Each structure stands twice: as structure tokens, then as C-alpha cells.
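Predicted, not measured: the structure shown is a model, and the values here were computed from it. Excluded from the calculations below are hydrogen atoms, water molecules and symmetry mates; all remaining heavy atoms, backbone and side chain alike, are included. Sequence lines set the chain letters: A, B, ... in the order given, protein chains first and strands last, and positions in each chain run from 1.
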Amino acid sequence: MATALIHVPASAKRGEIIQIKALISHVMEPGYRRTSLGAVIPRDILRRFVCTYNGEEIFRAEMYPAIAANPYFAFNTIASDSGTFEFTWSGDNGFSKRETVAIKVE
Amino acid sequence: MNRLAGLLLALAIPAVAGQIPLSERRSGYELMRQDTRNLQDDDTANPGMLWVAEGKDLWSAKPDSASRACADCHGDASVSMKGVAARYPVFSASAGRPIDLEQRINACRTRQQHASPFAFESRELLALTAYIARQSRGMPIDVGSDPRLEPFLAAGREEFERRRGQLNLACTQCHDDNWGKHLGGSVIPQGHPTGYPIYRLEWQGVGSLQRRLRGCISGVRSEPYAYGAPELVNLELFLMWRARGMPLETPAVRP
């Protein structure tokens, strides 16, 4: 199973701009490379990354073969309420990974 | 005729090592661009931390055939493994020669855990090595003071200074005499193994010092030694001794 490292501040003040970082292990095999015997190495990439905050989508990225291995996203949002960030990655070969992180907003 | 003999004599002289004074040693980190440095410095962005996280899981996982995980004997790695990676390769009495950290992990696996050894460069071995070495980050490298290592240190130095391959180059010619200059688009580092296993952008993943050495050896068009070969461990030993006192950076990021 892929490893994901997510950084969200444990707590924040209401209205504060916070940075969220998400790193995941994935080969991101582009599908253009060949083995030494000439066989095409099948494409195996992540296609989509979505982050929701208490159910509302706040960030989404589409990924393509030119993205390097182990994709890393960093983005900002405004801390509005206590609750949960949900991160989902989906991709080729039925890849799916979901992580949740809680935040306390005062 | 005399001139020809003189020329042949000159060609036969081994590459002379212009050793870098201790105070002028630079980690490859200092030769990197700022954005690559930032990637290494931020644990939440450093992709090597993915391997460290996997290594942490392996540390407390029992191999199938064994009743004990690493943690069952060694406890908290942040205490028991602190400083360990800074001392490797060490002399192993049972092997009768130096072994590196990967070999130590595999020796522990086969002897204490009664499990099969991890393959060199396997994800598991790199992850466990990265996790253990991470516990020594910032600590000075302290390798080579054991007198039993002397002949192996000398052999490692000989490997470093001997010309090899179709390009007829010795490690020392680039990494002692021409560091800081460019080879193609890349800056030549001094070649201090301060951050292994490293996340190399070119590899798109984490790799060992032996992988790096094999890459360099085939780069001068020489036949690389097999993983685990005594020659590679001698070279690792010499390089770590050459970097003595420099802080460990594992998991380092390199271009």
C-alpha cells in the first residue's frame, strides 16, 4: 500500500491561512518507457488528487505522465471550522488511497 | 627511445591523490540549488521521508518466520539506533571484515530473526536502512578508528585512487582534484557519503551508496562490482573515513 505523508496544523485560529502539504509514494510510470527487451512498460500513474474540508472540495489536481514519481502538493486554505480534511488519490490499475486529518479551529 | 620510455613511465604512475584538507570539505548539499536544498530540509516535503516512514513500520513488524521484530530486541529506535549509522561500516568479527549498515541489517535478519535476507536495493532494505540512519541525522560521522579496519581502509583508498575503465579515470581525479567544476550539466561533488540512503531526483527514488558507486564505476566504463562485494564495502569504508566529522544528513536529497 502506498505511503502518504500529510501535514496539516493540529490547530489554527478562525480565519487563519494555513498550509497543507501532501506527499505520496507512487512510481508514476509514464507508459513511454521500454524494457531492455523492447517491451513497453505499461502506464501506471496517479490521475487525480482531491482534498475536501468538512465535505467541501477545496483543492483538486489532475495528473499526467510527465509528473515525477512521489507527487507532492502544497496549498493554502482558510481555517473556518473544526473538522476533517479528507485526501484522496486515484489512478491507473484501480489505485485508490484515502486519508483523513482532523483540525481544531478556535 | 628514451622519450618513449619516459612517456610510458609517466603513464604508469598512478593518479596522484590531491587530498582535500579537512577544513575545505563540503557536503554535496552545499553544491545544490536552493530548491533542492529546501526539499531536503523540509521533512514534510522530502520524498526520502516516505522510505523512513515505511522503515518505521518494518522496525516493529515481525517477519513471517520469526517471533521477534527489530523493536522487540532494540526497543525505541530513536534511542537504540541513535548514532549507529554514523559508525558504519564497522569491523564484523564473524565476517572477518568490515560490513555496512545494510549487511548488518541482513545479518541480524538471518541470525536473530531467522528470516530470509532482504535483497540489495530492495524497497524494504532501503526503508529500514533509511529509518535507522535517520536516527543519526546531524551526528558527526565517526568511522575507521578500529585498528582491525586498517588493511580494509587501505584497500578502499587504493580503490579510490586506482584508474579504471575505458576512460581510465580514478575517483580521486574528479572528486579530489576537480570538485566544484562541471561534468556535463552537473557539478562534481567531493563525493562525501553524508546522506545515504539518498533520494536522488535522477533515480526518482531512494538508493544506497553502493548503487551510487556502481553508477560512477560504470560511468567511467568499468565493470561495476556486484552488490555486497568486498571492494565496494572497502570503498564505502574509505569514503566514510574521508568524511569523518561531517554531519549525517539522511535521508538526503541529491540531483
Flag the pair [X] / [Y] as yes when at least one side-chain heavy-atom distance between them is below 4.5 Å, and no otherwise.
| X | Y | result |
| --- | --- | --- |
| B:Tyr199 | A:Asn70 | yes |
| B:Thr44 | A:Leu23 | no |
| A:Ser25 | B:Met49 | no |

Around atom [atom1] of [X], are there more than 12 heavy atoms from other residues, nucleotides or ligands closer than 6.0 Å?
| X | atom1 | answer |
| --- | --- | --- |
| A:Ile78 | CD1 | no |
| B:Gln34 | CD | yes |
| B:Glu223 | CD | no |
| B:Arg221 | CZ | no |

Contact part of A:Ile6 toward chain B, heavy-atom cut-off under 4.5 Å: side chain, backbone, both or neither?
-> neither
Smallest heavy-atom separation, A:Lys21 atom then B:Asp42 atom, equals NZ-OD2, 2.8 Å
Of the backbone (N, CA, C, O) and the side chain (C-beta and beyond), which part of B:Ala45 lies under 4.5 Å from a heavy atom of chain A, both, or neither?
-> both
Euclidean distance, B:Gln204 CD relative to A:Glu29 CD, rounded to 0.5 Å = 10.0 Å
